[in-house]
Amino acid sequence: AQRVTQPEKLLSVFKGAPVELKCNYSYSGSPELFWYVQYSRQRLQLLLRHISRESIKGFTADLNKGETSFHLKKPFAQEEDSAMYYCALLMDSSYKLIFGSGTRLLVRP
Amino acid sequence: GAVVSQHPSWVICKSGTSVKIECRSLDFQATTMFWYRQFPKQSLMLMATSNEGSKATYEQGVEKDKFLINHASLTLSTLTVTSAHPEDSSFYICSARSPLVGYGYTFGSGTRLTVV
């Protein structure tokens with residue numbers, strides 16, 4: 001069955017420290033992975049998608065099919081990065097988007 | 001572009017009554033919309049897929065008679081929580097795929113439902 005796993009509920013780092021938010025997936029089809037971010041009192045918004053292979057706000061994520069992972073990384077965290085981050089898997093057969101449980105990133109000054 | 005508007009943003013209703021939540025795509029047409037439910041400090045759980053002009057498809061465990069979905073036009077989907085109970089209190093979020101963002105998904109701001 002399809003599943004998205006984010007093992008960390010909370011990740012706390014100091015400003016300027018590197019950040020890695022983990023995401024693993026399970027899907028028998030061709031996966032398309034996304035990272036969404038939800039800032040306090042705001043709607044969910046797309047951060048990046050693996051097919052774009054782009055860097056948004058300094059974040060990058062590489063799809064590793066061998067390890068079925070799509071970890072989100074940023075070399076130097078900023079306080080404004082504090083938010084809830086969700087990894088999501090698009091099921092190509094139905095276009096349903098399945099979310100992981102989310103990781104709250106807290107960047108301390 | 002690719003804006004999804006959700007209304008109301010919050011609603012309080014009495015047990016046993018019904019509540020309707022609207023989801024509109026403002027600048028694009030959406031043949032398919034998705035409804036999610038989010039409990040406090042938890043992830044988004046997909047409830048159903050709303051299809052314009054046809055019946056919605058519900059995820060396993062979601063009561064279709066309790067959560068009525070209507071997608072009567074290419075820009076509007078509604079979720080009606082019928083005979084609401086306190087356990088239906090939650091945050092409901094709609095989403096749609098938009099060609100304006102490369103067929104990525106854009107989300108509404110959500111509706112907080114409190115049943116008293």
Side-chain angles (χ1 to χ4, degrees), chain A residues 1-11 21-27 30-54 56 61 82-106, chain B residues 1-10 21 23-26 30-52 54 56-62 69 71 91-112:
Chain A
Q2 60 282 349
R3 179 178 292 179
V4 178
T5 303
Q6 293 180 251
E8 303 136 329
K9 283 191 174 182
L10 172 66
L11 185 62
L21 287 78
K22 291 184 168 48
C23 172
N24 288 89
Y25 68 91
S26 173
Y27 183 51
S30 180
E32 186 171 347
L33 277 298
F34 301 79
W35 277 99
Y36 282 85
V37 59
Q38 190 172 31
Y39 299 103
S40 179
R41 299 186 185 280
Q42 294 188 27
R43 69 182 68 194
L44 209 63
Q45 54 186 284
L46 177 66
L47 183 61
L48 52 81
R49 56 198 300 185
H50 91 267
I51 60 172
S52 302
R53 300 187 66 82
E54 57 193 344
I56 304 294
S82 295
M84 195 74 184
Y85 290 80
Y86 294 96
C87 182
L89 165 71
L90 178 65
M91 298 169 61
D92 56 358
S93 57
S94 63
Y95 297 107
K96 295 179 185 178
L97 201 58
I98 305 299
F99 286 86
S101 54
T103 298
R104 179 167 299 281
L105 175 63
L106 179 61
Chain B
V3 178
V4 170
S5 174
Q6 198 170 332
H7 179 80
S9 55
W10 62 270
I21 302 169
C23 180
R24 294 181 184 273
S25 55
L26 298 186
T31 56
T32 303
M33 291 185 175
F34 302 89
W35 286 95
Y36 291 85
R37 184 172 179 175
Q38 186 178 32
F39 290 102
K41 299 188 186 298
Q42 294 189 32
S43 186
L44 286 78
M45 299 299 295
L46 180 64
M47 297 175 65
T49 303
S50 173
N51 304 298
E52 188 270 333
S54 64
T57 45
Y58 291 81
E59 295 301 298
Q60 192 172 7
V62 178
I69 291 173
H71 196 150
F91 197 58
Y92 294 88
I93 304 171
C94 70
S95 172
R97 297 180 73 210
S98 172
L100 299 178
V101 288
Y103 288 99
Y105 290 74
T106 187
F107 289 81
S109 53
T111 297
R112 182 160 302 285

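Each chain gets a letter, A, B and so on, in the order the sequences are listed, and its residues count up from 1.
For residues 93-109 of chain B, no pair satisfies salt bridge (charged side-chain N to carboxylate O under 4.0 Å, His left out), with sequence neighbours left out. Residue pairs meeting the salt bridge (charged side-chain N to carboxylate O under 4.0 Å, His left out) criterion with at least one partner in residues 39-51 of chain A, sequence neighbours excluded, are A:Glu32-A:Arg49.
Contacts of A:Lys9 with chain B are absent, with no heavy-atom separation under 4.5 Å from either backbone or side chain. Of the atoms belonging to A:Gln38, it is side-chain heavy atoms, and not backbone ones, that fall under 4.5 Å from chain B. Residue B:Gln6 does not touch chain A at all, counting heavy-atom pairs closer than 4.5 Å. Looking at A:Tyr95, the atoms closer than 4.5 Å to chain B (heavy atoms on both sides) sit in the backbone and in the side chain alike. Using a 4.5 Å cut-off between heavy atoms, A:Ile51 does not touch chain B at all. Proximity to chain A is limited to the side chain of B:Thr49, based on heavy atoms less than 4.5 angstrom apart. For chain A, the nearby part of B:Phe34 is the side chain; its heavy atoms alone come within less than 4.5 Å.
Note: A:Tyr86 OH to B:Gln38 CD = 4.0 Å, rounded to the nearest 0.5 Å. In this structure, OG on B:Ser43 lies 7.0 Å from CD on A:Gln6, to the nearest 0.5 angstrom. For the atom pair CG (B:Leu46) and CG (A:Leu97), the distance works out to 8.5 Å, reported to the nearest 0.5 Å.
Heavy atoms of other residues, nucleotides or ligands lying less than 6.0 angstrom from CE of B:Met45 number 12 at most.
Looking only at side-chain heavy atoms (C-beta outward), B:Leu44 and A:Leu44 come within less than 4.5 Å of each other.
Separation of the A:Tyr36 and B:Phe107 ring centroids falls under the 6.0 Å cut-off.
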